[in-house]
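Here's the structure we're looking at; comments come further down.
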Amino acid sequence: MASTLGTGSRPLRIAIVGAGPSGLYAAGALLQQKEYHVSIDIFDRLPTPYGLVRYGVAPDHQKIKSVTKIYERTLSDARVRYFGNVALGSDISRAEMKAHYDQIIYAVGAQSDRKLEIPGEDLPGSFSATEFVAWYNGHPDFLDYEVDLSAESVVVIGVGNVAMDVTRILAKSIRELETTDIADYALEKLRHSKVKHIHILARRGPVQAKFTNPEIKELGELEIADVIVKPEDLELDAASQAELAADKTAQRNLETLQEFAHRPLSGKPRQIHFHFLRSPVELYGEDRVTGMRMEKNLLVTKEGGYISCEGIGEYEELPAGLVFRAIGYRSVPIPDVPFYDRWGLIPNEKGRVTETHKGEIVPGEYVVGWAKRGPTGVIGTNKPDAVETVYLMLEDVPDLPPVADELARADAIVKLLRSRSVEFFDFGDWQILDQLETGRGAAQGRPRVKFTAVDEMLRLVHPQRTQEESPASVLGS
Ligand code: NAP
């Protein structure tokens with residue numbers, strides 16, 4: 001009966017799909033509330049938790065990764081269980097999830113990327129930053145990714161923080177990278193990189209750049225790369241001046257860019273070149289990318305004050321053997337779960353899932369993070385976002401039809417997964433893997449050396465299933 005839902009004898013059964021920041025903040029908020037007893041199962045399609053903190057945050061930004069300490073506390077709570085290596089849509093269906101849980105939160109992030117939709121975009125040598133970032137962070141889906149770093153000239157399209165991350169990883173020396181938790185294979189590839197010139201392309205002006213100040217400043221502190229900014233690119237039109245006056249981040253960004261523009265070159269072997277007011281219109285080359293055609297832009301103020309850009313019909317060419325588009329992430333649909341393709345997210349009203357965009361609310365299903373609001377904001381932005389959704393979930397409890405008691409029992413889902421031979425990772429399993437990784441890292445003066453293949457992770461942590469390799473053998477004890 002609905003009246004008993006959320007009590008000690010019949011806690012509210014909640015599934016969170018996705019163990020990244022948004023899912024873990026949602027779990028944290030549910031644990032903190034005092035209204036209902038909760039029992040939370042967190043699923044992730046990978047064995048490892050922490051989503052974008054592990055596979056998105058740049059390996060040289062370890063401080064940001066320390067947020068996992070908070071997530072560890074959530075995952076250690078007796079009311080929470082972790083089920084890694086369980087994919088919604090293949091290992092378990094949405095209907096089965098709904099049958100086992102009173103409420104479901106989708107916290108699936110944005111795994112794909114936006115496209116430029118220009119000729120030549122699919123030529124070899126043209127990549128999404130999403131893939132490159134996942135690759136250098138050791139994401140299991142990208143182990144076969146082939147990136148050829150033999151080109152001297154590279155273009156990074158976009159001026160958000162992802163573009164800054166990609167640029168830094170390409171521009172840093174091996175000495176700078178080998179103290180990070182970058183994937184071993186990526187470190188090896190970057191060791192032989194021939195990249196000398198990294199061209200960053202911004203379709204609008206410096207005031208409209210999306211990067212934040214620490215990220216742009218970092219480019220000026222690299223061991224083997226100079227930054228080149230043309231002073232004339234920093235001359236602002238009236239609309240940009242007005243925008244600047246109201247935006248502290250843009251003011252600090254501009255100061256940093258001005259400092260770069262007046263800094264004498266120090267002769268470092270790599271150079272980072274900024275190009276403002278340029279849009280890519282074509283990537284060209286016979287068998288692979290050899291260059292990019294771009295159009296010069298002019299800023300135009302739209303109704304409502306948004307400063308956009310328009311091409312002026314003047315074109316330039318930039319030779320480049322490698323192009324990364326860092327123009328934004330995009331969620332991917334989950335089988336049977338509503339998806340609004342136009343915006344690339346799960347349709348919702350403040351976190352309550354809807355059947356379609358602006359459609360009927362789907363009782364008992366919720367969404368948080370990038371799958372809810374789109375790929376914006378830093379890790380911490382997911383906290384208030386999750387709290388907003390959790391607040392609505394609690395509000396909905398009195399009207400919730402509870403799932404059948406026998407399926408709400410904690411062992412029901414375990415039985416289902418076992419019946420399908422799904423080899424799930426629990427939190428203890430992850431802690432073993434975590435120790436193995438940090439142990440390997442300590443031996444090399446690095447925060448961790450990641451395991452990157454799912455099979456290997458499973459074999460190491462569940463050695464009894466293969467008897468081939470044990471945690472002790474990896475640590476050399
Ligand atoms: P973003 O901040 O939205 O930046 C995307 C960039 O791509 C913008 O400069 C945008 O220009 C440009 N762009 C979009 N479409 C384009 C097109 N067709 N042609 C040329 N340029 C185009 O996205 P992001 O860099 O992927 O970052 C996603 C979120 O993660 C952001 O909130 C970011 O701050 C966050 N993040 C944070 C960190 C960190 O804290 N260190 C690191 C990585 C990511 P317009 O502005 O003109 O649209």
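Atoms within a ligand are numbered from 1 in the order they appear, just like the ligands themselves. Scope of the values below: all heavy atoms of this structure, side chains included, with no hydrogens, waters or symmetry mates.
At least one test fails for R94 against the ring of Y106: distance under 6.0 Å to the centre or angle within 45° of the axis.
Every residue two or more places apart in sequence or in another chain that forms a side chain to side chain contact (heavy atoms under 4.5 Å, CB included) with E232 is listed here: K230, E235. Residues passing the side chain to side chain contact (heavy atoms under 4.5 Å, CB included) test with R448, sequence neighbours excluded: R54, D181, W430, D434, E437, T438, K450.
With ligand atoms numbered from 1 in the order given, ligand 1 contributes 26 (O) to contacts under 4.0 Å with heavy atoms of G328. Within ligand 1, the atoms closer than 4.0 Å to a non-hydrogen atom of E215 are 39 (C), 40 (O), 41 (N), numbered from 1 in the order shown. The distance from ligand 1 to the heavy atoms of P375 drops below 4.0 Å at these ligand atoms: 28 (C), 29 (C). Against a heavy-atom cut-off of under 4.0 Å, D165 is close to the following atoms of ligand 1: 42 (C), 43 (C). Distances below 4.0 Å separate heavy atoms of Y329 from the following atoms of ligand 1: 26 (O). Heavy-atom contacts of R204 reach the following atoms of ligand 1: 45 (P), 46 (O), 47 (O) (cutoff under 4.0 Å). Of all the atoms in ligand 1, the ones that sit under 4.0 Å from a non-hydrogen atom of L116 are 17 (C), 18 (N), 19 (N).
Of all the listed residues (V159, I200, N161, V162), V159 holds the heavy atom that lies closest to atom 9 (O) of ligand 1.
Neither the backbone nor the side chain of A58 comes within contact range of ligand 1; no heavy atom lies under 4.0 Å. With a 4.0 Å heavy-atom cut-off, ligand 1 is reached by the side chain of V378 but not by its N, CA, C or O. The side chain of R114, and not its backbone, has at least one atom closer than 4.0 Å to an atom of ligand 1 (non-hydrogen atoms only; side chain from C-beta on). At a heavy-atom distance under 4.0 Å, no atom of L201 approaches ligand 1.
Salt-bridge formation is not detected for the pair R373/E388: no Lys NZ or Arg NE/NH1/NH2 atom is positioned less than 4.0 Å from an Asp or Glu carboxylate oxygen. Salt bridge absent: D233 and R278 never bring a charged side-chain N and a carboxylate O closer than 4.0 Å.
Of the protein's non-hydrogen atoms, the one nearest atom 3 (O) of ligand 1 is K210 NZ, 3.9 Å.
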